[in-house]
Every structure is written in structure tokens, then in C-alpha cells.
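The residues of the chain are indexed from 1 along the displayed sequence. Whatever order the structure lists them in is the order used to number ligands and atoms, beginning at 1. Keep in mind that the numbers below use all heavy atoms, side chains included, and drop hydrogens, waters and symmetry copies.
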Amino acid sequence: MARFSFLGFFSLLALAAYGCEAKTVTYDFNVTWVTANPDGLQERKVVGINGQWPLPTIDVDKGDRLVVNMNNKLGDKSASIHFHGMFQNGTNEMDGPSMVTQCPVPPGSSITYNFTVDQSGTYWYHCHTEYCYPDGYRGALLIHDDDAFFADDYDEEIVLSMTDWYHELVEDLEAQFMSLYNPSGAEPVPGSFLLNDTMNSSISVKPDTTYLIRLINYGAFVGQYFYIEDHTFKIVEVDGVYTEPKEASMLYLSVAQRYAILLTTKNSTEKNYPIVTVADSSLLDTIPDGLKLNNTNWLEYNKTASHPQGIVKAADSTGLNPSDDFDLVPYDKQELLPEPDMEIDVTVYMKNLMTGFNYAFLNNISYTAPKVPALYTVLSAGDAAGNASIYGDFTHSVVLKHNDVVQLVLNNADSGSHPFHLHGHQFQVIDRQPPYGPTFYDYLNGDPIPYDPKNHSSFPKYPSRRDTIVLPPQGYLVIRFVADNPGVWIFHCHIDWHLSSGLAMLMIEAPEKIQERVSIPDDHYEVCKAASVPYKGNAAANTEDFFDLCGQNEQPAWIPAGFTKRGIIALVFSVISAVIGIVSIVIYGLADIKNKNLTDFAAPSSDQDEVVVEENSARPTKE
Ligand code: C2O
């Protein structure tokens, strides 16, 4: 008996030393539309939680159990929550992406997310159902850790979120984006850029004090540069991975990326200093008059002193030289993973399909959601779960073996940069080209450089690790991770426009282990019933024969080989003029036509038949 009480005593001591006992933190999220006008330019509908927007920050300690009860009261829109960067080891069903690990939660339904948080750092949460988070449905998720190596090195904490902001509802923008009028796939241009969901704000600081500043870009599209005039800082965390401290004065955060930095304030309170954010204009097809790419907020030492505008280093990105994330060394010094057991090679393309819209591809597949959430296919497929084909031809599913070292080579045949995120993992970034520099994020009219396994730079001994990484224009990335987290994990470009146009694939990681470990709570199945989404069967919801994919969701048909981009655009405009022509005929047909010369209604342009064959015009080849 004495021994037991000693043990009890020591474990209490251990808990006290650890800081706090693991607890359960519960949030009730009633999701409704509210109105907001964060940039003072336009009031609009936004997704609020408990009647509020900006959304609450989820704040927990490492080891806590987090419970989020989400009640969708939007009335007209389905939703879900993804906790970006959480491993969800053993709780894949709590990951949040619709049609991957759950059904979309329809209006009037609710769902509970419940999992233990076994990691620490700076994260965020966001809606992960088609077209929802750019309407404001995203917030910070912070996991405190008294054992962080820098825990005693700072006095206070500041969270700075940055985001692009649209003045229109995402579904209206989506309709313009995926449209005959946008055959080149130009992404909707934001109306403004916010810091902490507002503009021109002052972050008040004390002199001679060290702050842990957590930076999050929770935008939908545009990466941003960040610096504070006359200040340097130390990077100590990137996407939840502690790093050897690295001095820096400027950062670039693509959407979904995070940093934590230590900044010691000056000892004088005479001046205030601009916090400058610069939107990455290389991502924008057009820059409308009045769109402010460079924004100033202030590190405020003195309320009564002046608040000067930031001096932006250059109008284009050549004057901006952010710290390179490739050479960040993880604090745990995890070494380069051994030679891979499995390699996945994919290339990013942007192409038009027969609908005339522009789609995004990894190789020849533009991700098209299955009829059954892929995790539910794993759970209902028995032994067939190990066969990638049951997940459908258009989900780009790859089955990973438990504990394999996986190498993913990502080439970019597109002239835009793409921030890729893998759910459930932090990956090592072992090669990336072109080399980092001030113009890294810009398309410089080069030819694509594909990864050459026989001729690459030597891999770092302690590679940088994170969960979201920018694939540079026309360049490549090589990442490695261990498949030690059984689950269905989506790998996708975090530009929400590109996710919706197909830039995604699924990792079906250790399906036999998923079947052993994962069970779906009843309320998750209730969501499917309410949404009329099947939760058994293969990608086509076939429960009899898992290899029969008849009826699966498919990407639109290919445009016959031989059409060039010019030909496609000409075709698309011909279709548009034909449609306008027909509409005109109908309208005029209904009107009094006495005075009309019918030959005015021109036939569709003969460009419609233009077929120009060029070498590069072939569709991407099959894997
Ligand atoms: Cu922020 Cu699919 O993730």
C-alpha cells in the first residue's frame, strides 16, 4: 500500500512539475451568418460563431482533450471543421475534410469533434467543405507547451493573423472562377488584406520585453511578406515544429503557413514602428485600382507618438528578401529519413476540360470527390481496402504501407506557386528548386525544371520540417515522411480556388490499421443521413462489388488532343458567342422583328473549328 501512495505522490509531483494536468477543453460553436465590415470598404455576410466574427481562438495545452460541438445554423450551406496541422493519430475521423473523413454537415445538423492534442505550437482551424472558409470561417488554434525550449525566454504572447479578404460570397466568386468566361483560370482577386481581421491597428507593446509572436496566414489565396521596421527577431517554430533559433527580419507566409518568433522590444518608447505586410502580387492576374497590397499596422510603444506609414522596400518582390524556410533546422534534430520504400511522383498542370472551364491536375487527375467519404470506404471494404482502385479513378488515391518511408516528388509545370499541405503529417523538405532568393515566388519565364533523381543537390542532414510548403513556379519539391499515422489524409494545394478545381490527392495510409483503430461515432453517421450522403461502399457507393465503379463521380471529359490553349480559348469564346447568339435569337424572336435584318445574328465564329497542333498541347501523360 505504501508503495502505491508513494507512486501517487510522485505522479502528483510530476504533474505539478509538468505545469498542469491534462484537461478537457470544450467549445460550443453555433455557426450562423453575421455581418462584418473588417476593411471599412464593404459590409458583407460572414460566417460567425456564437453570433461573433472574428472567430474565437481555440486555446489549449499540450496533452489536453479538445471537444468542439459544431452546430450548423447557416441555413443554406454545409460545413465542417478541419484542425489544420493536427496529426489526429488514432482519430482520423476527427480530421474534418468533407468526403474524405466525414460527410458535409448540412444546415440544421451538428457534429462533435473530440480528440487529444499531442503536439504543440501555432495552428488554425477552418471549414473544409467546398467553398466555405473564405467567407470567414477560420480562426487560430494555439497549443501551449510549458516544455517548449523557449518557454522561459519570453514575457508575453501576441497572435497576428493575416488574410486576404473578399467582398463577395465565396459561392458567387466560385461561379465566376469556374466559368466559360474564365477559360484561363484566373483566380478571384481579393478586395483587401487584413491583419487580425482588421486594418490600421496598433499592437501595443512594452519596452524591453520579449514577445512570442505567433503568425498565421489564414487567407484563401494570397501569400504575404511580413516585417517590422527596424526590428529583427528569432524564428523558433514553423508550422508546429520547433526550430533552432534563426535570426530574421522578414518572413513570407503562404496561406496556411505559420511561424512563431521571439521579438525583444526596444528600450525606448519614443516611436511606433510599422508592421508591414505585402501581398504577393505574383499570384494575382490583375491588380485592380484601389487594391492596397502593402499594409501598415503598428507595433505601438507610445499611444501619443505618431503612427508612420511603412516604407515598402519595393513595388515588386525584388526588394523583398524573406528568410528561407528550407534551412530551418528542427530543434529535435530529426535526421534525414532513410531511402524511401515508396515514391510518389506528381506534376501540377492547369488545363481546360470539355466544359471549357480551367481545372487543376496532379498528373492527369483533377481531384473529384467520391460519392462515399474515403475513410468510410476503408471501413466498409474489408480486405479490398488495400486496393487503391476502390477509391475511384478521380480521387487520385495512393495506398501507403504502415511505417514505410514515403518520398513525394512534386513537379510544377505551372507558372504559379502552390502552397501544398499534407494532412496528418509534418514532412521533411529535402530538395526544392529553383534556389531561394528574392524572386523565388515569381514566375520568371523559365522552362519547368523537373526533379532529376540522378542529379540533385545533396539532401540536408537535418531537413526542415513543416506541414505546408510552397512549390515554386516551374520548379519542384521533394518531401519525405514516415507513414506512421494510419488514416486517410488529403494532400492538396491550400489555395482554396485550386483545391476546388482539383489540385488534390488522397493518401490511404495503412488501411488495415485504420480498420483496427478507427471507429466512427454515431453522430458522424447521422450527419451523412441528414445530408443524404452514402457512408458505405466504394467511391461509387457500390457495396456489392467494390471493384465496380460504375456511377462514380468523374472529372469532365478531355478536350480532344490537338487543341492548343489558343484553340481552347477560341473554342470557349465561340461557345459563348453561340450561347449569346441563341439567347439573342430567343429574345429577338420574342420581340417584334419587323425591322430587324436577321442576317445581323451572326453565326458562331469560325474560330470554333480552329485546331492547331503544337508539341506542348498534349494532355498530361498517364502515370
Ligand atoms: Cu488547412 Cu486540407 O487544410
>> With a 4.0 Å cut-off on N to O distance, would you call D118 and K62 a salt bridge?
In response: no

Will you find, in the side chains of [X] and [Y], an N or O donor that is under 3.5 Å from an N or O acceptor?
{"X": "H423", "Y": "D95", "answer": "yes"}
{"X": "Y391", "Y": "N538", "answer": "no"}
{"X": "T129", "Y": "Y133", "answer": "no"}

>> To the closest 0.5 Å, what do you measure between OG1 (T347) and CG (N411)?
In response: 4.0 Å

> Near atom 1 (Cu) of ligand 1, meaning under 2.8 Å, how many protein N/O/S atoms are there?
Replying inline: 3

> Quick one: salt bridge (charged side-chain N to carboxylate O under 4.0 Å, His left out) pairs with a partner in residues 161-171, sequence neighbours left out?
Replying inline: K77-E171

